[in-house]
Chemist: 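Got a structure for you, written out below as structure tokens; questions coming shortly.
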2 protein chains.
Amino acid sequence: MPESSTSDTRERLISSAADLIAASPGEDFSLRAVCDAAGVKMPTLYHFFGSKQGLIDAVVAHGFDLYLGEKSAMESSGDPIQDIRAGWDAHVAFGLANPGFYTLMYGKVRPGYSPAAQSRPSEILRGLADRAADQGRLVVPPEQAAAHVLVTNIGVTLRQIVLARPDPALSAAVREGTIAAITGTAERPAAPLTTAVEIAAARPEILGRTQTQLLVEWLTTIAAHQED
Amino acid sequence: MPESSTSDTRERLISSAADLIAASPGEDFSLRAVCDAAGVKMPTLYHFFGSKQGLIDAVVAHGFDLYLGEKSAMESSGDPIQDIRAGWDAHVAFGLANPGFYTLMYGKVRPGYSPAAQSRPSEILRGLADRAADQGRLVVPPEQAAAHVLVTNIGVTLRQIVLARPDPALSAAVREGTIAAITGTAERPAAPLTTAVEIAAARPEILGRTQTQLLVEWLTTIAAHQED
DNA sequence: ACAGAGCTATAGCATTGATATGAACGGAGC
DNA sequence: GCTCCGTTCATATCAATGCTATAGCTCTGT
């Protein structure tokens, strides 16, 4: 069984690198330290990964496996918008729990450089946005909605990492602001009337059944005139 | 006049470093290259800045001077929300025009590390948020509004840098989504009722004066019950 | 048993950030 | 005028880093 030993060394190198990165998140790490921790010498590392960037890529891919592994356990609530919400929170939680991985994945800003593994969560998000668009839930093209969510989600996560201070309220505010922006809860001028109808219809005991029905009728009349 | 020469060498070092950084944005740079470009040897650099981080800090401070210099030219439109809009666009424009500086300022993500110079634009933003709050324009505490704007503004700028592709539509969408979120155009549960009242009151001819008055009264009743 | 492929070690290179030592220079005080 | 001292800068060097050339080891397939 050669693959046991080969795979073992490779995984041990990745695991050692991951440990070092997790031990000093955001800091640079030394290949020799990785080799010492793995009990190997440098040419072995170079045999498997070719360069430091190759090792980093492998570690990042490993990090995304972890991330998507956690995430896949709770997928598909049925509602794409709700899935985006859950994905947002999972994204932030992963970043705060694994700042070392996360800074490698999204914190190394360099023009034109985005690790290939980044595309996986991006495509999941794009799929959710497409489904939401199919259901008519979006007021912007699905690709822009996905980009909007991704950008703000990464932004709020990175910021919490650099400030070394989780801020659930901020994350929730940005999340809801983003979802409102792509679903257009804010900007349709006719929406307040529709919402008012829903609110009134939900509590018929306040005004009584008859008055509520009349209220709904009147509001609908006004809404009809608004379309002009 | 010794201060002429001292200041000269120091500035020349910063300028050389800035040039190198601008020449290969996001990449690491060598102190020897900086010294060669400035026509000095390394101990001179260490005399002025003490360490590489010291030089980076000086360059970052210089970058913020540039940024705030551009920005101060167009301050104070009178409306704090409008100022936030203009500040957003200036922020993105500076990041895209100076990706080297920008990645040093906001792209080096490391837990607990935020350059001191970052606080300057942050405080300007905080001031605008306070003014907006004084005018009753915000539905969230001013510190959270400022954090929300800063986070999303940085996020959308960093993303455009890593993708090496300006996306004005995305920037505008995120900007307006953020402003909507902090000014509460979207999320107050009582807002639809209030807005419906305004819409109905604005067009009394649709239902007639009496019915409109009654409608407003009923909507207000429901709104009062909503507060429970 | 033999050859070849895959894996690993020894040793070394060039570059990097950082420092110890000391020389040149100009102003301050006796 | 002369010495003293702080500022500024160069020579030389260190330790650590990423990377590689060469060669030896082990295991597999025939």
Side-chain angles (χ1 to χ4, degrees), chain A residues 1-62 100 103-104 107-108 110 113 115, chain B residues 1-62 100 103-104 107-108 110 113 115:
Chain A
M1 235 94 69
E3 55 66 77
S4 144
S5 100
T6 92
S7 182
D8 200 26
T9 317
R10 213 190 107 100
E11 303 250 335
R12 212 169 57 239
L13 278 167
I14 293 182
S15 171
S16 300
D19 288 347
L20 282 179
I21 290 167
S24 61
E27 302 294 325
D28 209 358
F29 65 96
S30 150
L31 293 186
R32 284 176 170 82
V34 174
C35 290
D36 285 353
V40 220
K41 299 297 178 181
M42 295 209 54
T44 303
L45 190 155
Y46 272 84
H47 168 74
F48 284 112
F49 303 104
S51 73
K52 184 172 189 175
Q53 190 58 48
L55 173 62
I56 291 178
D57 290 345
V59 171
V60 166
H62 180 243
T103 53
L104 281 187
K108 301 297 175 194
R110 204 154 98 216
Y113 163 74
Chain B
M1 234 94 70
E3 49 83 59
S4 143
S5 102
T6 91
S7 183
D8 200 25
T9 319
R10 211 189 108 99
E11 303 251 334
R12 214 170 55 241
L13 278 168
I14 293 182
S15 172
S16 300
D19 288 346
L20 282 179
I21 290 167
S24 61
E27 302 294 325
D28 209 358
F29 65 96
S30 151
L31 293 186
R32 283 175 171 82
V34 174
C35 291
D36 286 353
V40 250
K41 299 297 178 181
M42 294 208 53
T44 304
L45 190 153
Y46 273 85
H47 168 75
F48 282 113
F49 304 103
S51 72
K52 182 171 191 177
Q53 191 57 48
L55 173 62
I56 291 179
D57 289 345
V59 171
V60 166
H62 180 244
T103 52
L104 280 187
K108 301 298 175 193
R110 205 154 95 216
Y113 163 73

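All values below were derived from every heavy atom in this structure, side-chain atoms included, with hydrogens, water molecules and symmetry-related copies excluded. Numbers restart at 1 for each chain; the letters A, B, ... are given by sequence-line order, proteins then strands.
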Chemist: Using the side-chain hydrogen bond (donor to acceptor under 3.5 Å, both in side chains) rule, take Tyr113(A) and Glu27(B) through it: C-alpha gap first, then chi angles, then the decisive distance, then the call.
Modeler: CA-CA 11 Å; Tyr113(A) 163 74; Glu27(B) 302 294 325; over 6 Å; no
Chemist: Arg32(B) CZ to dT17(D) P: how many Å, rounded?
Modeler: 16 Å
Chemist: Return whichever of Ala33(A) or Gly50(A) has its heavy-atom-nearest nucleotide of DNA chain D closer to the 5' end.
Modeler: Ala33(A)
Chemist: Gln53(A) CD to dT17(D) P: how many Å, rounded?
Modeler: 18 Å
Chemist: From dT10(C), dC19(D), dA10(D), pick the nucleotide closest to the side chain of Lys52(A)?
Modeler: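 Nearest to the side-chain atoms of Lys52(A), counting from C-beta on, is dC19(D).
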Chemist: Kindly point out which of dC19(D), dT8(C), dA10(D) is positioned nearest to the side chain of Leu31(A)?
Modeler: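 That would be dC19(D).
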Chemist: Could you pull out all residues at least two apart from Lys52(B) that satisfy salt bridge (charged side-chain N to carboxylate O under 4.0 Å, His left out)?
Modeler: Asp28(B)
Chemist: Taking the side chain of Ser51(A) as heavy atoms from C-beta outward, which of dC19(D), dG17(C), dA9(C) is closest to it?
Modeler: dC19(D)
Chemist: Does a side-chain N or O from His47(B) land closer than 4.0 Å to OP1 or OP2 of dC9(D), or not?
Modeler: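 Negative; the distance criterion is not met.
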Chemist: Take atom CZ of Phe49(B) and atom P of dC9(D), then tell me their distance rounded to the nearest Å.
Modeler: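 Phe49(B) atom CZ is separated from dC9(D) atom P by 11 Å.
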Chemist: What's the verdict on side-chain contact (heavy atoms from CB on, under 4.5 Å) for Phe48(B) and Val40(B), showing C-alpha distance, side-chain angles and the deciding distance?
Modeler: CA-CA 12 Å; Phe48(B) 282 113; Val40(B) 250; over 6 Å; no
Chemist: Can you measure Phe48(B) atom CZ to dA10(D) atom P for me and round it to whole angstrom units?
Modeler: 11 Å
Chemist: When you check the phosphate oxygens OP1 and OP2 of dT17(D), does a side-chain N or O of Ser30(A) lie under 4.0 Å from one of them?
Modeler: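 Ser30(A) to dT17(D) OP1/OP2: side-chain N or O found under 4.0 Å.
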Chemist: Picking from dA10(D), dT20(D), dT19(C), which would you name as closest to the side chain of Thr44(B)?
Modeler: dA10(D)
Chemist: How many Å lie between CG on Asp8(B) and C1' on dT8(D), as a whole number?
Modeler: 13 Å
Chemist: Rounded to whole angstrom units, what separation is found between the OH atom of Tyr46(A) and the P atom of dG18(D)?
Modeler: 7 Å
Chemist: Taking it one step at a time, do Arg110(B) and Thr103(A) satisfy side-chain contact (heavy atoms from CB on, under 4.5 Å)?
Modeler: CA-CA 7 Å; Arg110(B) 205 154 95 216; Thr103(A) 53; over 6 Å; no
Chemist: Thr9(A) side chain: which of dT11(D), dT8(C), dG17(C) is closest?
Modeler: dT8(C)
Chemist: Taking only the side-chain heavy atoms of Met42(B) (C-beta and beyond), determine which of dT20(D), dA18(C), dT7(D) contains the nearest atom.
Modeler: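 Out of dT20(D), dA18(C), dT7(D), the nucleotide with an atom closest to Met42(B)'s side chain is dA18(C).
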Chemist: Grab the CG-P distance between Leu20(B) and dG17(C) for me, whole Å please.
Modeler: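 About 11 Å, once rounded to whole Å.
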Chemist: Heavy atoms under 4.0 Å, any strand shown: does Phe29(B) hit a base, just sugar-phosphate, or nothing?
Modeler: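 Here Phe29(B) touches the backbone only, sparing every base.
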Chemist: Kindly state each residue pair satisfying side chain to side chain donor-acceptor pair (under 3.5 Å) with at least one member in residues 29-42 of chain A, sequence neighbours excluded.
Modeler: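 Listed once each, the pairs would be none.
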Chemist: Tell me the interatomic distance from Leu45(A), atom CG, to dT8(C), atom P, rounded to whole angstroms.
Modeler: 11 Å
